[in-house]
There are 2 protein chains.
Amino acid sequence: MLTIGKLGQKTGTRVQTIRYYEEIGLMPEAERTEGGQRRYSDADFDRLSFIRHARQLGFPLEAIRELLSLSDHPDQSCHEADAIARRQLKQVEQRIARLNALKTELHRMIEECSGGHAADCRVLEVLRDHSECLTRHDDIGA
Amino acid sequence: MLTIGKLGQKTGTRVQTIRYYEEIGLMPEAERTEGGQRRYSDADFDRLSFIRHARQLGFPLEAIRELLSLSDHPDQSCHEADAIARRQLKQVEQRIARLNALKTELHRMIEECSGGHAADCRVLEVLRDHSECLTRHDDIGA
DNA sequence: GGTAGTTGCTACAGCCACTGTAGCTTCAAG
DNA sequence: CTTGAAGCTACAGTGGCTGTAGCAACTACC
C-alpha cells in the first residue's frame, strides 16, 4: 500500500493532481487509514500510470475516461479505442500544421528585423499590418 | 465611431473578448455614449487589430502588452520586440518538436491495432505499458 | 514516551484566454 | 411609438491543473 506521495513519485504525478483525478472520478475513491490518509494498491498504480501515459500523449481527460472504461471491459470492441486514438492523431497533426505556419511567419518577421529603432521595426510593422503576411493564419494558434 | 459589435466584426473578435481586453488593460477604456455604450475610434481599431494579429501568431497576452508598449514608443530600440518574437519562435519550435514525437507514437499505436477485442487492443496495451514506447515524451504534450 | 519534521488532509483561489449566461437597458429602423 | 437587435454588468464555467492556508497524522530519532 502506497501513500499518495509515493504513488506520485512512482508515476511522476503531483499529489494535488492525484487528488484532483479522484475528485473528478478519474481515479476511484482511495482507501483510507484510520487517520484518514489515502492508501493506494497496485491496481491504483496501474490506473494512474495509464492516465499519465495517455496525458503525455496529449489525450484530454474525457478521452482518457473513455479509454479507461474500454480498458475495464476487455470483451468490448477495440474499435472505439482506435477511433479515439485516430481523433487524437488528427488533432495533433492539425496543431503541427498550424504551428508550422506560425513558425514560417515568425521566422520571416525576425529575419527582416534590422535591429534599429522601434519606428522601423519589422516585427512591430508586420503585427500592425496583417496584409504583409503570406499565410492567412485565421484562427488563433495553439 | 464604431460600436463594439462593428469593431468585433471588422477585427474578427467577439464582443466579450473586446470587453475582456479592456478589463485587463490591454485596450484603453472606451469612450461612451450618453447611454453608456462603448464607441471606438480608428486608433482603437488599429490597436485591436495589432492585438488580434499577435494572438494569431500565438503571442501570449503579456508579450502583446510589451509589444504594444514598444509600438507606442517609436524612439525605443527594436531589440526588445525582436527578442520577444524570437522567444515566441523558440516556443513554437519546441511545441512542434513535442507534437511530432506524439504523432509518431500515436501513429505506431494505431497502425498496430488489429481491430479485435479490447483485451488485445494495441492502443490500450501501449497506454498500459509505457515501456513499449520508443520516445520518452516525459512532459505532457501541449 | 516525547518531539520534531515531513507528509497528509480539506477547502478554496488562481492560472490563461477566453466563452456563456441572466437579466436588464439602449439604440436604430420602420 | 414600438419592436427587435445589440449593448450593458456581473458572474460562473472551460481544461488541467497549481498554489495556499491552516490544520492533522504519521515516522524517525532520542
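Every chain is numbered from 1, with letters handed out A, B, ... down the list of sequences.
The side chain of B/Arg38 sits closest to D/dC8 out of C/dT10, D/dC8, C/dG8. Side chain of B/Tyr20, nearest nucleotide from D/dG7, C/dA17, C/dG8: C/dA17. Of the candidates D/dG7, C/dC9, C/dT19, D/dG7 carries the atom nearest the B/Thr3 side chain, counting heavy atoms from C-beta on. Side-chain proximity of A/Arg19 to the nucleotides C/dT21, C/dG8, D/dT9 is greatest for C/dG8. For B/Leu61, the listed nucleotide lying nearest its side chain is C/dA17; candidates were C/dA17, D/dC17, D/dC8. You'll find that the side chain of A/Gln37 is closest to D/dA25, out of D/dA25, C/dT10, D/dT9. Of all nucleotides listed (D/dC8, C/dC9, D/dG19), D/dC8 comes nearest to the side chain of B/Ile4.
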Point to revise | Candidate pair B/Leu99 and B/Lys103, rule side-chain contact (heavy atoms from CB on, under 4.5 Å), full reasoning | key: CA-CA 6 Å; B/Leu99 288 173; B/Lys103 182 181 149 186; over 6 Å; no
Exercise for review: Walk me through it: do A/Thr33 and A/Arg39 pass the test side chain to side chain donor-acceptor pair (under 3.5 Å)?
Suggested key: CA-CA 7 Å; A/Thr33 62; A/Arg39 288 299 119 100; 5.1 Å; no
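Atom CG of B/Leu67 and atom CD of B/Glu80 lie 9.0 Å apart (nearest 0.5 Å). Distance check, rounded to the nearest 0.5 Å: CZ of B/Arg52 to CD1 of B/Ile18 gives 8.5 Å.
Side chains of A/Asp44 and A/Ser41: a donor-acceptor N/O pair is present below 3.5 angstrom, by distance only.
Rounded to a whole Å, the CD atom of A/Glu23 is 12 Å from the C1' atom of D/dG16. For the pair A/Leu2 CG and C/dT7 P, the computed distance is 15 Å after rounding to whole Å. Rounded to whole angstrom, the span from the CZ atom of B/Arg55 across to the P atom of C/dT19 amounts to 10 Å. Between the CD atom of A/Glu34 and the P atom of D/dC26 there is a distance of 8 Å, given to the nearest Å. Between the C1' atom of C/dT26 and the NZ atom of B/Lys6 lies a distance of 16 Å, rounded to the nearest Å. Here C/dC18 presents its C1' atom at 9 Å from CZ of B/Arg52, a figure rounded to the nearest Å. In this entry the distance linking CD1 of B/Ile18 with P of C/dT19 reads 11 Å, nearest Å. Separating the CD atom of A/Gln16 from the P atom of D/dA21 is a distance of 13 Å, rounded to the nearest angstrom.
If you find the closest nucleotide of DNA chain D to B/Gln9 and to A/Glu62, the one lying nearer the 5' end belongs to B/Gln9.
Of the side-chain N and O atoms in A/Thr33, one or more sit less than 4.0 angstrom from OP1 or OP2 of D/dC26. Between C/dG8 and A/Arg39, no contact under 4.0 Å exists linking OP1 or OP2 to a side-chain N or O. The side chain of B/Arg14 contributes an N or O atom lying less than 4.0 Å from OP1 or OP2 of C/dG20. Taking only side-chain nitrogens and oxygens, B/Tyr21 comes nearer than 4.0 Å to OP1 or OP2 of C/dC18.
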